[in-house]
Protein chains: 4
Amino acid sequence: MAKRSGEKHQVILEAAVKTFARTGYHRTRIADIAREAKVADGTVYIYFKNKEDVLISLFQNIMNRFVEELKTELFQCRNPDEKLDAIIGYHLNTLENKPEQAKVTQIELRQIDQTINEGISKPLLSYFQLIEEVIEEGKEQGLYRRNLNTRTARKVVFGAIDEVVTCWVMSSKPYNLADLKKPVFEMLVKGLQ
Amino acid sequence: MAKRSGEKHQVILEAAVKTFARTGYHRTRIADIAREAKVADGTVYIYFKNKEDVLISLFQNIMNRFVEELKTELFQCRNPDEKLDAIIGYHLNTLENKPEQAKVTQIELRQIDQTINEGISKPLLSYFQLIEEVIEEGKEQGLYRRNLNTRTARKVVFGAIDEVVTCWVMSSKPYNLADLKKPVFEMLVKGLQ
Amino acid sequence: MAKRSGEKHQVILEAAVKTFARTGYHRTRIADIAREAKVADGTVYIYFKNKEDVLISLFQNIMNRFVEELKTELFQCRNPDEKLDAIIGYHLNTLENKPEQAKVTQIELRQIDQTINEGISKPLLSYFQLIEEVIEEGKEQGLYRRNLNTRTARKVVFGAIDEVVTCWVMSSKPYNLADLKKPVFEMLVKGLQ
Amino acid sequence: MAKRSGEKHQVILEAAVKTFARTGYHRTRIADIAREAKVADGTVYIYFKNKEDVLISLFQNIMNRFVEELKTELFQCRNPDEKLDAIIGYHLNTLENKPEQAKVTQIELRQIDQTINEGISKPLLSYFQLIEEVIEEGKEQGLYRRNLNTRTARKVVFGAIDEVVTCWVMSSKPYNLADLKKPVFEMLVKGLQ
DNA sequence: GATGAATGAGAGTTCATTCAT
DNA sequence: AATGAATGAACTCTCATTCAT
């Protein structure tokens, strides 16, 4: 069970994003995902342990790619400010361009008992770490306050971006998420200085 | 059905906070709440439409009291900075003192399909408005940047505080939430200036 | 759950005998029992833990009554031979008169993993003990061989009766089970002497 | 489909005895047998119609060999008493030496709806016939009672031996099954006389 | 208002069986 | 002959909700 590769694995994952985004995690039945993926119900259980495993695999998939690509972005930046800008920009761009993923990330994923689930927290941690590294670097270079608590600062930074995305996902009136890049960056960078 | 008052109403609500915090929303059965409240299963349905209604009523209850008390706090402040400080302080203090409420607010509440549910967003809106009023006031008084988009700024402020609380709720190692008041305030106020 | 009294409890048990006898344990669905008992599927689970629990409760019910009634029968016998005769007679009579129970006892009950299940072996033990007491008594009175191993003798006695019943249950051509009382008694009593 | 010969046929059968004995018929999945036999799941279906067919083939295999070997044993006996002794001895010896077969024969095999299944009763019949022939011979030679009903006597004999084996299989404390040969023989032979 | 026994829809999951390779 | 991925029917059990008392 739970083969992590193979064409079907990916097909089911893609069907799951769509279905979770459309119907919501709890209202989605395995049968719905299976139908969307054009496989039999049982096939889902060849590749995933259960429904929760589908959601978590989904998230790990998304987050791994997210963090990898963000790393290459950051590689091209020359200073912490540029990096912070890149983080915010990449975060908002990515979710704006993949609204289904955004819905799953911001809403459905939080439907799982997070106190237990490390399948969610672990992939997030590498993103958190990336943010913290930028803050540390800024502190070392004297760009950001030395007395700043890095962890707390990271929470503020992530919390701000995350809330901005959540509001966008839940908003009934569509607007450009990318437009918020600059104001959010300005607030956060000043907060760090 | 769905009487909104009565002694039992309150008893059930209190039993629900405990039970949701202990077991999690989805794993909690109406029968569990009823047992904790020492009433019959059916009695729950005299006071609430259904399980979701219990959770939402709970939140409305909490938020109404939260906003009312926060308002009196703010009344005693003399300038936007003090008010922002009061908001952060009150928010963190309240949830630190009521860990069960915090668990429900930060975790369990997010288990409900938020795209539909205005029972959750409405009570939050008055809190959001309070924050926005403070920002507006700061802008008018020249304390905060004039070109600040109030709504975006509010998202950053709320997102930051909310994330700090969520991390605290989910953390396995206990620490003082109140200790984060000052650093969070400093970051946010600088971000607004 | 698993209230051991109440009208429904009995109704479901009676429906279960019929259904198991007609359809066989493994082919019987809880829904079949529920329909036969004219209750909802869920009601079965108020009174029984699961399907296996229904079968075992059934057997315990049957065996308890069986052993109780057999005891009163034995009370009226004056010597071990009469008692052995009573055991065989009562055993064969009872099952001949309750063919559904016989089917369940001889066939369906053996569909459960007996190596684990003490819900089956325990009620049987009191029957075994009754048989062993008669054999012991016979040995003490010099009626049966002193060097007879009581336990082994009991196995022979019970095995013989049990096989006779099983053959009768599985036979396609109907015949009188009671007719076998005398020949079986004669063989067994001689075997004991 | 359902080839009755070939090397794999035997390999699967041997894997099945082990697996059924270890896990129990109903809890055994075809995949378990296949893995134990080191063949693919589908291969099982080349040699057997379905899961039930595996169990029944198993039993037929066992019983055919059992009856054949028993016949040669009986051939060396000079009178019905010796033959009865041989039957009991061979029956108990065989199962004591093949505990996995014993488990399958005494427990797992009875998990199949016996009212329908002639795949089980047919191979047993030849064993029954062997027993009946010995009884008949005894009656003819005046060793056993003339008025004995052969069929009933056979049921008593087989039932006794079978129960002795079943008790041994299900017993948690190990003991020598062969030790029961003599007492069982004595009881049965006296019963017949 | 209060009760709690009864309801029954609903969905996750398993696994015997098939069949294209 | 052999494979093993894929199938999808089957069925248990849960639990929110109702309603007669």
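Chain identifiers are assigned alphabetically (A, B, ...) following the order of the sequence lines, protein sequences preceding nucleic acid strands; residue numbering begins at 1 within each chain.
Taking atom OH on A/Y25 and atom C1' on E/dG12, their separation rounds to 11 Å, with Å as the unit. One atom, CZ of D/R35, and another, C1' of F/dT3, lie 16 Å apart when rounded to the nearest Å. Taking atom NZ of residue A/K38 and atom P of nucleotide F/dA6, one finds them 17 Å apart after rounding to whole Å. Between the CD atom of C/E7 and the P atom of E/dA6 there is a distance of 9 Å, rounded to whole Å. In this structure, B/F48 atom CZ and F/dA16 atom C1' are separated by 16 Å, rounded to whole Å. Per the geometry, CD1 belonging to A/I12 stands 10 Å off C1' belonging to F/dA6, to the nearest Å. Going from atom CD1 of D/I33 over to atom P of F/dA2 covers 17 Å, rounded to whole Å.
Residues A/L95 and A/Q106 meet the side-chain proximity criterion, which asks for heavy atoms closer than 4.5 Å. Between D/H9 and D/I46 the shortest side-chain heavy-atom distance does not fall below 4.5 Å. Within the 4.5 Å cutoff, side-chain heavy atoms of B/V104 are placed close to those of B/L55.
Under the salt bridge (Lys or Arg N to Asp or Glu O under 4.0 Å) criterion, no residue pair touches residues 37-47 of chain C, with sequence neighbours excluded.
Toward the 5′ end of DNA chain E lies the nearest nucleotide of A/E52, the other residue of the pair D/E52 and A/E52 mapping further downstream.
Side-chain nitrogen and oxygen atoms of B/K8 include at least one within less than 4.0 Å of the OP1 or OP2 phosphate oxygen of E/dA2.
Scanning for side chain to side chain contact (heavy atoms under 4.5 Å, CB included) contacts around B/N61 gives B/Q10, B/L13, B/R65, with sequence neighbours left out. Legend: residues meeting side-chain hydrogen bond (donor to acceptor under 3.5 Å, both in side chains) with D/D32, ordered by chain and number and at least two apart, are D/R29.
Counting only Watson-Crick and G-U wobble pairs whose two distances sit under 3.5 Å, DNA chain F takes part in these stems of three or more pairs: E:2-21 with F:2-21.
Side chain of A/K51 to main chain of A/T28: a donor-acceptor pair is present (N/O by atom type, distance under 3.5 Å, no hydrogens or angles).
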Is there any protein nitrogen or oxygen under 3.5 Å from a nitrogen or oxygen in nucleotides 12-15 of chain F, and what are the pairs?
{"residue": "F/dT12", "atom": "OP2", "partner": "C/I30", "partner atom": "N", "Å": "3.3"}
{"residue": "F/dC13", "atom": "OP2", "partner": "C/Y45", "partner atom": "OH", "Å": "2.8"}

Tabulate below the donor-acceptor pairs under 3.5 Å that side-chain atoms of residues 16-25 of chain A make, not counting sequence neighbours, or state none.
{"residue": "A/T19", "atom": "OG1", "partner": "A/A15", "partner atom": "O", "Å": "2.5"}
{"residue": "A/R22", "atom": "NH2", "partner": "A/E36", "partner atom": "OE1", "Å": "2.7"}
{"residue": "A/T23", "atom": "OG1", "partner": "A/T19", "partner atom": "O", "Å": "3.1"}
{"residue": "A/Y25", "atom": "OH", "partner": "A/E52", "partner atom": "N", "Å": "3.3"}

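The two residues A/F48 and A/I12 come nearest to each other via the heavy atoms CE1-CG2, 3.5 Å.
Note on D/V39: only backbone sugar-phosphate atoms sit closer than 4.0 angstrom, heavy atoms only; bases stay farther off.
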